[in-house]
**Student:** 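What follows is a structure written as structure tokens; I'll ask about it next.
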Amino acid sequence: MKLRFLGKNSTPGDSPTLYASDQDSYVIQGWKVYANDLLMRLDVPEGQAVIEVPPELFEHLTKDGHPTGEIKSFSAPIMLITEQGTCIVQGPEMNDPEALSQMRMPDYETCIEVPKSSITALLEENSGPDHPSPA
């Protein structure tokens, strides 16, 4: 799988990153979620991962031809919004060696792959419920 870097929201030690793949998907790199109170609210099947990213990360979708990166509806793969306003995102954990070799990822981060259609649906006004309750 080949990745195309769209952007990152980075501060020293943090690097949530958004990529477009050649498989009609987005690869989202974010902080691993360890908080039991969050994980207990989710059904996480084997092979899936839960990450946390700032909502501003999706602004980089404009580099993939979208007029905006503003999330307007909050539904899967965004599972929760934290009290700090970050997004808890769930999806299949990325394990493609070629894709992973194109990324720099600290131990406390992981990445998921989600269909482009599931992310672009979040940019539409009526694709899901209004803001979920804060985590």
**Student:** Can you tell me how far CD1 of Ile51 sits from SG of Cys87, rounded to the nearest 0.5 angstrom?
**Tutor:** 10.0 Å
**Student:** Kindly write out the residues that satisfy salt bridge (charged side-chain N to carboxylate O under 4.0 Å, His left out) with Lys116, not counting sequence neighbours, or none if the list is empty.
**Tutor:** Asp64
**Student:** Could you give the distance from CZ (Phe58) to CD1 (Ile71), rounded to the nearest 0.5 Å?
**Tutor:** 5.0 Å
**Student:** Using the test salt bridge (charged side-chain N to carboxylate O under 4.0 Å, His left out), find all partners of Glu46 that sit at least two apart in sequence or belong to another chain.
**Tutor:** none
**Student:** Just to verify, what does Glu52 make a side chain to side chain donor-acceptor pair (under 3.5 Å) with, not counting sequence neighbours?
**Tutor:** Thr86
**Student:** Applying side-chain contact (heavy atoms from CB on, under 4.5 Å), name anything that partners Pro92, two or more places apart in sequence or on another chain.
**Tutor:** Gln48
**Student:** Among Ile, Leu, Val, Met, Phe, Trp and Tyr joined by side-chain contacts under 4.5 Å, find the other residues sharing a cluster with Met94 and list them by chain and number.
**Tutor:** Met1, Leu3, Phe5, Tyr19, Val27, Leu100, Met103, Met105
**Student:** Between CG of Leu122 and CZ of Phe74, what distance do you get to the nearest 0.5 Å?
**Tutor:** 8.0 Å
**Student:** Give the intermediate values and the outcome of side-chain contact (heavy atoms from CB on, under 4.5 Å) for residues Leu123 and His66.
**Tutor:** CA-CA 9 Å; Leu123 304 176; His66 299 284; 3.9 Å; yes
**Student:** Any ion pair linking Lys2 and Glu98 (charged N to carboxylate O, less than 4.0 Å)?
**Tutor:** yes
**Student:** Does a side chain donor of either Ser73 or Glu124 reach within less than 3.5 Å of an acceptor in the other side chain?
**Tutor:** no
**Student:** Residues two or more places apart in sequence or in another chain: which of them pass side-chain contact (heavy atoms from CB on, under 4.5 Å) with Ala35?
**Tutor:** Asp37, Leu38
**Student:** So, using side chain to side chain donor-acceptor pair (under 3.5 Å) as the criterion, who are the partners of Glu93 when residues are at least two apart?
**Tutor:** Thr110
**Student:** Rounded to the nearest 0.5 Å, what's the gap from SG on Cys111 to CD1 on Ile28? Could you check?
**Tutor:** 9.5 Å
**Student:** Please enumerate all residues that pass side chain to side chain donor-acceptor pair (under 3.5 Å) together with Glu56, with sequence neighbours excluded.
**Tutor:** none
**Student:** Between Asn9 and His60, is any pair of side-chain heavy atoms under 4.5 Å apart?
**Tutor:** yes
**Student:** For Lys32, enumerate each residue passing the salt bridge (charged side-chain N to carboxylate O under 4.0 Å, His left out) test, keeping only those at least two apart in sequence or located in another chain.
**Tutor:** none
**Student:** State which residues pass side-chain contact (heavy atoms from CB on, under 4.5 Å) with Asp43; sequence neighbours excluded, sorted by chain then number.
**Tutor:** none
**Student:** Are the side chains of Pro77 and Ile119 in touch, meaning some heavy atoms are under 4.5 Å apart?
**Tutor:** yes
**Student:** Looking at residues at least two apart in the chain, or sitting in another chain, which of them share a side chain to side chain donor-acceptor pair (under 3.5 Å) with Ser25?
**Tutor:** Ser21, Glu113
**Student:** Do Arg41 and Leu80 have side chains that get closer than 4.5 Å, going by heavy atoms?
**Tutor:** yes
**Student:** Partners of Thr68 by side-chain contact (heavy atoms from CB on, under 4.5 Å), sequence neighbours excluded?
**Tutor:** Glu70
**Student:** Taking side chain to side chain donor-acceptor pair (under 3.5 Å) as the criterion, tell me which of Lys8, Glu109, Arg104 meets it with Ser15.
**Tutor:** Glu109
**Student:** Can any side-chain N or O of Lys63 pair as donor or acceptor with the backbone N or O of Leu6 at less than 3.5 Å?
**Tutor:** yes
**Student:** Atom OG1 in Thr17, atom CG in Leu57: separation rounded to 0.5 Å?
**Tutor:** 7.0 Å
